[in-house]
Chemist: 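Input: one structure, supplied below.
Worth saying up front: this structure is predicted, and the values here are computed from it rather than measured. Remember, it's 1-based here, ligands and their atoms both numbered in the order they're listed.
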Amino acid sequence: MASMTLKKKPMTKDAFLKKWKEHSAQLALADSDPLRLKYHLQPPMGWLNDPNGLCQKDGVYHIYHQFVPFYPDLCSVFWGHVTTKDFIHYEYHEPVLYPDSKWDVNGPYSGSTFQKDGLMFVYYTGNVRRTDRADYDYITGGREQNTVLVTSRDGFHFTEKQLLMTNKNYPSDLSLHVRDPQVFCENDCYYMIQGARDLKAHGSAIVFESENLTDWIYKMRFETDTPFGYMWECPNYIKLDNRQFLIVCPQGIQSEGLNYANINQCGYFPLSCDFKGTDYKLGEFHQFDRGFDFYAPQVFQDESGRWILLGWMSTPDAEYDCEQTMEHGWVHAMTAPRELYVNREGALCQRPARELERMRKNGDSQPFQGSFQRSVSVCFELKVRLDNPTENFRLILRDSAVLRYQDGILALDMAECGAGRTVRGLETGAVHDLQILSDTSSLEIFVNGGAEVFTTRIFDSMERLQLEFASEHAEGTIEYYELTA
Ligand code: FRU
């Protein structure tokens, strides 16, 4: 260990602050970008990915996230920190985790917060990439994924990093890819779930058990009967209305008709597991989002008991352009905050957090028959209720971006404004309602109460701001609001 050479030197807070000053001109450059989102969380400069450690403490929501501020110059990863009380006003703070220890020198990777008696237990993956040999594949050699704990009473100040587990503590049939811990409590016992890739390149979510939140023992793993992707990233366990779900991001699934169209997927399995023994049942995987830009969501329960989800509004390794805004020194954003609920069919649904309604301005609601047209602002919310839900329709959303429903298939076609994004579709019985959030460079389309969602970045001129709905016989109501943050 002592002779090991690491690619990166640890980066302390002081070194970070110095670099930040050197790069400060980039802040104004980012701010001047017309594609800058108006009501979504985005990095002040550089790169942002997964939401991490989401929680609400004493009324304040803490949104930590993977943050690479000096991207693409210096790819050091930090835990960026943003707080909000209302999901409309956001305050940006200094990062809370730095790649400053030998356990996380290549980045404090994703993790989550568990609160007990006013104390935040923040678990994350310390990523290490060794460079002392040339032949590492970084799957079975050359990588460390350490489970690290820090605690905090206020979300701003954290204790020393404590190493809880290394790859040696994980089952021996796993590769070195084990990460993204989430901790929860069931039957008065604590459980930690982590995403994993085994030596046969099969993805799974592994579960550890603990009585004291620091000593963890491997208990079991969730996997499908037949292999489903080579790695499951960012697992989240959630129990809502007495139903259990396992959310995962499986990598390496081949597309199948309209399904699994992105390179990396994200969805949930209905789960049944009492965590007393090791029996469990996974139901059918359901894609969480049908659009182009959604990955690594994290869910948490706030102080009122609501389950809230934020996702990374991008996806790794896409064939289309996800770095359009890099000219202005920033890239990626978070989705709007979404509330989760279970519908009558037992599906885990997402809808925009109710706080966002406070951005509504100049709204109106009216019935329509056949078609409607209206001019809109760039930032808008549109709700459409369809009374005859199997009627074909076509809805031009922005410029050439169209949502089409034809013979049971709902498709989002980005045409010229997708920067390489083409078409994504979904076989759906009927479309009863749509709720659409538009921001300068994003669209989030919630279908049938959010049982299905399409999330995408959009890069149009923002000049042709005209909604056009066309059908032969569709009838219903449209509700429109301009949104101001
Ligand atoms: C998912 C992910 C996680 C990892 C993090 C690193 O996007 O790959 O598995 O912890 O990003 O930034």
Chemist: Check whether the ring centres of F16 and F70 lie less than 6.0 Å apart, and answer yes or no.
Modeler: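 Between F70 and F16, which both carry aromatic rings, the centre distance is below 6.0 Å.
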Chemist: What class does the angle between the rings of W312 and W47 fall in, given that below 30° is parallel, 30 to 60° is tilted and above 60° is perpendicular?
Modeler: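 Because their plane-to-plane angle lies in the 30° to 60° range, the rings of W312 and W47 count as tilted.
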Chemist: Which residue owns the protein heavy atom closest to atom 5 (C) of ligand 1, what's the atom, and how far is it?
Modeler: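 Protein heavy atom at minimum distance: D50 OD2, 3.4 Å.
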Chemist: Could you walk me through whether Y109 and D180 pass the side chain to side chain donor-acceptor pair (under 3.5 Å) check?
Modeler: CA-CA 7 Å; Y109 271 14; D180 310 334; over 6 Å; no
Chemist: Is the closest heavy atom of D180 to ligand 1 under 4.0 Å?
Modeler: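 True for this residue.
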Chemist: If the test is ring-ring contact (aromatic ring centres under 6.0 Å, His included), which one of F275, Y123, F121 qualifies with F184?
Modeler: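 Of the listed options, the one satisfying the test is F275.
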Chemist: Nearest protein heavy-atom contact for atom 8 (O) of ligand 1: which residue, which atom, what distance?
Modeler: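 Nearest protein contact, heavy atoms only, for atom 8 (O) of ligand 1 is E233 OE2, 2.7 Å.
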Chemist: Kindly determine whether N127 and R143 satisfy side chain to side chain donor-acceptor pair (under 3.5 Å), including the steps that lead there.
Modeler: CA-CA 7 Å; N127 186 52; R143 181 185 289 278; 3.1 Å; yes
Chemist: Only heavy atoms of Y109, strictly under 4.0 Å: list the atoms of ligand 1 that pass.
Modeler: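 What qualifies from ligand 1 is 4 (C), 6 (C), 10 (O).
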Chemist: Do the ring planes of Y260 and F285 sit parallel (below 30°), tilted (30 to 60°) or perpendicular (above 60°)?
Modeler: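 Geometry flag for F285 against Y260: tilted rings.
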Chemist: Against heavy atoms of Y295, which atoms of ligand 1 measure under 4.0 Å?
Modeler: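 Near Y295, the atoms of ligand 1 are 1 (C), 7 (O).
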Chemist: Need the ligand 1 atom indices (1-based, order shown) with element for anything under 4.0 Å from a heavy-atom of Q66.
Modeler: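 Near Q66, meaning under 4.0 Å from one of its heavy atoms, ligand 1 has 5 (C), 6 (C), 12 (O).
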Chemist: Test of understanding: given a 4.0 Å heavy-atom threshold, classify the contact between V77 and ligand 1 as side chain, backbone, both, or neither.
Modeler: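 For V77, no heavy atom sits under 4.0 Å from ligand 1.
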